[in-house]
Structures are given as C-alpha cells and as structure tokens.
Amino acid sequence: MEKNKFSKYLLYAIGEIVLVVIGILIALSINSWNQDRIDKKSESQYLQDLKKEIQNNNSVLDYYIKERLPYKIEGLLTAKKYSEENIEIKDTIAFLNKVSKGGMITNGLGILSRNTFNELVSTGNFQIISTDSIKSKVKNYYWGLDADADNVNTYKSDITTFTSGLRPYNSSNPDYISKYDRQEMMIAFRSVEFRKIIDLELSYAYSLENKMDRIVEQGLEIIALIEAELNDK
C-alpha cells in the first residue's frame, strides 16, 4: 500500500517536473522567437540606414569632391609651375585666385558620414546583420574612409593656413585681393616653403583622385546587396 502511494507521488512529481521543463522550454522558445523578430526588424532598419548613408556619401563624392578636385589639382599645378619656373603672369588676380583653389577639399573624405557604421560598432549591433557578404563589404568601405583620414594626416600641408595668412578671404567677394596682398602672395609663392606645401598637397590630391571612383563603386555594390536583402525579407 505504502509502496503504491510512493509510486504515485513519484509519478506525480516527475509529471510536475516534466511540465515545468516543458513550460521553461516554451518560454525560452517564445523569448527566442521574440528576440529573432526584434533583431530582424533592427537589421532591416540598419540596412536601410546604411543604404541611405552610402547614397548620401556618393552624392557628396560626385557633387562636392569629384567636381571640385580638377580645379584643386589645376591650381596646385599652376602654383608649382610658377614657383619652379620663371614664367610671366599677365593677369595677377586670375592667377592668384586659381592658385587659391589648391586649398579646396583639405579634409578629403572626412566630410563623408560614418554615423550608422559607428553606431553599429559601438552598440555591438553589427552582429545582427546576417549576410556575411554585406558585413564584409561594409567593413571594407568604412575602413577605407578611415584609411583616408590617416592619409590626410600624412600629407597635411596647411596650404589653407598659408594662403589665408597672405590674404583675408571674404565669401561674399571671394575674388577680391588688395594690391599689397597681391604683391606679397607673388613673392611668397616662389618660396621653398610654398613649394614643399604644393608637393605635399599634390600628393594627397592625386591619392584622392585615384581612390574616389573605387569608393563610389564599393558603395554601389553595397547598395545593390542591401536592396536584394531587403527584397527577400
């Protein structure tokens, strides 16, 4: 009799344990499902944000850097020729304004946005991006922007500081240069210091020119992958 009672209690206890375990497994499964749902929603939002950021970066590259870089290089080459050769300048103001354009885009790709990528990395959410090819290309893209920042530091020439120290710049009348400033600039542009500045800035301008198209292409590849991924979700 006692043995039968014990067996019943044992079976009851085992049944209770099984029910508890099943309940825990169901709860864990629901939590996991909820977390997966949250992660997928966050992933989609991050992918959309990355796509928008890279599209904006490509627009900046096209309209701010790509269109202006030839004028920068032309100004630097004009300055280099003047500082190294005994050439006659017929229109001093036009010459000086052309040379001054060599000081454009001194921050390089630093004007491009990294906000979404920085947030993904700092929050640890980069891991929720499930497609390895997207993760790899996104890393390479933003690491390329960081590498350019190092490049700026390597070739930093202070050309803007040099030219601004010779003439005040007024954005409402950018072409105006006083007679005294013109004379001072023509002398300073033949100095050894200025030649070194020009060579450094030209080295950076050529480096930027070489990598610009590659960065745009990388961005377009990522955008295409993201669009395909979002369409599949």
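Worth saying up front: this structure is predicted, and the values here are computed from it rather than measured. Residue numbers start at 1 and run along the sequence shown.
- Under the 4.5 Å side-chain heavy-atom criterion for Ile, Leu, Val, Met, Phe, Trp and Tyr, Leu76 and Val192 are members of distinct hydrophobic clusters.
- In terms of heavy atoms, Leu202 sits closest to Lys80 at CD1-CD, 3.8 Å.
- For residues 185-218, the set of pairs meeting the ring pair (Phe, Tyr, Trp, His ring centres under 6.0 Å) definition, not counting sequence neighbours, comprises Phe162-Phe194, Phe189-Phe194.
- Within the structure, ring pair (Phe, Tyr, Trp, His ring centres under 6.0 Å) contacts touching residues 70-94 (residues at least two apart or in different chains) are Tyr82-Phe95.
- In this view, Gln55 satisfies the side-chain hydrogen bond (donor to acceptor under 3.5 Å, both in side chains) rule with no residue, not counting sequence neighbours.
- When all heavy atoms of Ile89 and Met186 are compared, the closest pair comes out as CG1-CE, 3.8 Å.
- Residues Leu109 and Trp143 share a hydrophobic cluster, clusters being chains of Ile/Leu/Val/Met/Phe/Trp/Tyr side chains in contact below 4.5 Å.
- At least one side-chain heavy atom of Leu145 sits less than 4.5 Å from a side-chain heavy atom of Ile215.
- For the salt bridge (Lys or Arg N to Asp or Glu O under 4.0 Å) test, no residue two or more places apart in sequence or in another chain qualifies with Lys81.
- Closest approach of Arg190 and Glu85 over heavy atoms only: NH1-O, 3.0 Å.
- Scanning for side-chain contact (heavy atoms from CB on, under 4.5 Å) contacts around Asp181 gives Arg167, Pro168, Ile177, Ser178, Glu184, with sequence neighbours left out.
- Considering only heavy atoms from C-beta on, Ile226 comes within 4.5 Å of Ile222 through its side chain.
- Of the possible donor and acceptor atoms, one in the side chain of Glu43 sits under 3.5 Å from a partner among the backbone N and O of Ser130.
- Qualifying ring-ring contact (aromatic ring centres under 6.0 Å, His included) partners for Phe117, counting only residues two or more places apart in sequence or in other chains: Phe126, Tyr142.
- Asp175 is linked by a side-chain contact (heavy atoms from CB on, under 4.5 Å) to Asn97, counting only residues two or more places apart in sequence or in another chain.
- A salt bridge links Lys51 with Glu227: the closest approach of a Lys/Arg side-chain nitrogen to an acidic carboxylate oxygen falls below 4.0 angstrom.
- In terms of heavy-atom proximity, Ser42 sits nearest to Ile128 at CB-CD1, 3.6 Å.
- Checked by atom type and distance alone, the side chain of Arg68 never pairs as donor or acceptor with a backbone atom of Ile105 at under 3.5 Å.
- Remark: Arg182 is not positioned above the aromatic ring of Tyr180, lacking an NZ or CZ atom under 6.0 angstrom from the ring centre and at most 45 degrees off the axis.
- If you chain together hydrophobic residues whose side chains sit under 4.5 Å apart, Ile54 and Tyr63 never meet in one group.
- For Ser136, the side-chain contact (heavy atoms from CB on, under 4.5 Å) test picks out Asn140, with sequence neighbours left out.
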Could you check Leu200 against Ile197 for side-chain contact (heavy atoms from CB on, under 4.5 Å), going step by step and ending with a plain yes or no?
CA-CA 5 Å; Leu200 273 174; Ile197 285 174; 5.9 Å; no

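- Clustering ILVMFWY residues whenever any of their side-chain heavy atoms sit less than 4.5 angstrom apart, transitively, puts Leu220 in the very cluster that holds Tyr141.
- Contact of the Asp62 side chain with the Glu67 side chain is not registered, since no non-hydrogen atoms from C-beta on lie closer than 4.5 Å.
- Residues Leu50 and Leu120 form a side-chain contact, since some pair of their non-hydrogen atoms from C-beta on lies under 4.5 Å apart.
- Pairing each heavy atom of Asn57 with each of Ser113, the nearest pair is OD1-N, 2.8 Å.
- Residues Lys101 and Thr78 form no side-chain contact, since every pair of their non-hydrogen atoms from C-beta on lies 4.5 Å or further apart.
- Annotation: side chain of Ile65 is in contact with side chain of Ile111 (closest heavy-atom distance under 4.5 Å).
- For Thr161, the side-chain contact (heavy atoms from CB on, under 4.5 Å) partners at least two apart in sequence or on another chain are Asp158.
- Looking at heavy atoms from C-beta onward, Glu193 lies out of side-chain contact with Lys196 at the 4.5 angstrom threshold.
- By the salt bridge (Lys or Arg N to Asp or Glu O under 4.0 Å) test, Glu217 pairs with no residue at all, sequence neighbours left out.
- The closest donor-acceptor contact from the side chain of Ser207 to the backbone of Ser203 lies at 3.5 Å or more, if one exists at all.
- For Asp49, there are no salt bridge (Lys or Arg N to Asp or Glu O under 4.0 Å) partners two or more places apart in sequence or in a different chain.
- Glu221 is linked by a salt bridge (Lys or Arg N to Asp or Glu O under 4.0 Å) to Lys137, counting only residues two or more places apart in sequence or in another chain.
- Between Glu229 and Thr131, some side-chain heavy-atom pair lies under the 4.5 Å cut-off.
- Across Gly103 and Ile159, no two heavy atoms sit closer than the pair CA-CG2, 3.7 Å.
- Met104 and Tyr64 fall within a single hydrophobic cluster, where Ile, Leu, Val, Met, Phe, Trp and Tyr are joined by side-chain heavy atoms under 4.5 Å apart, directly or via other members.
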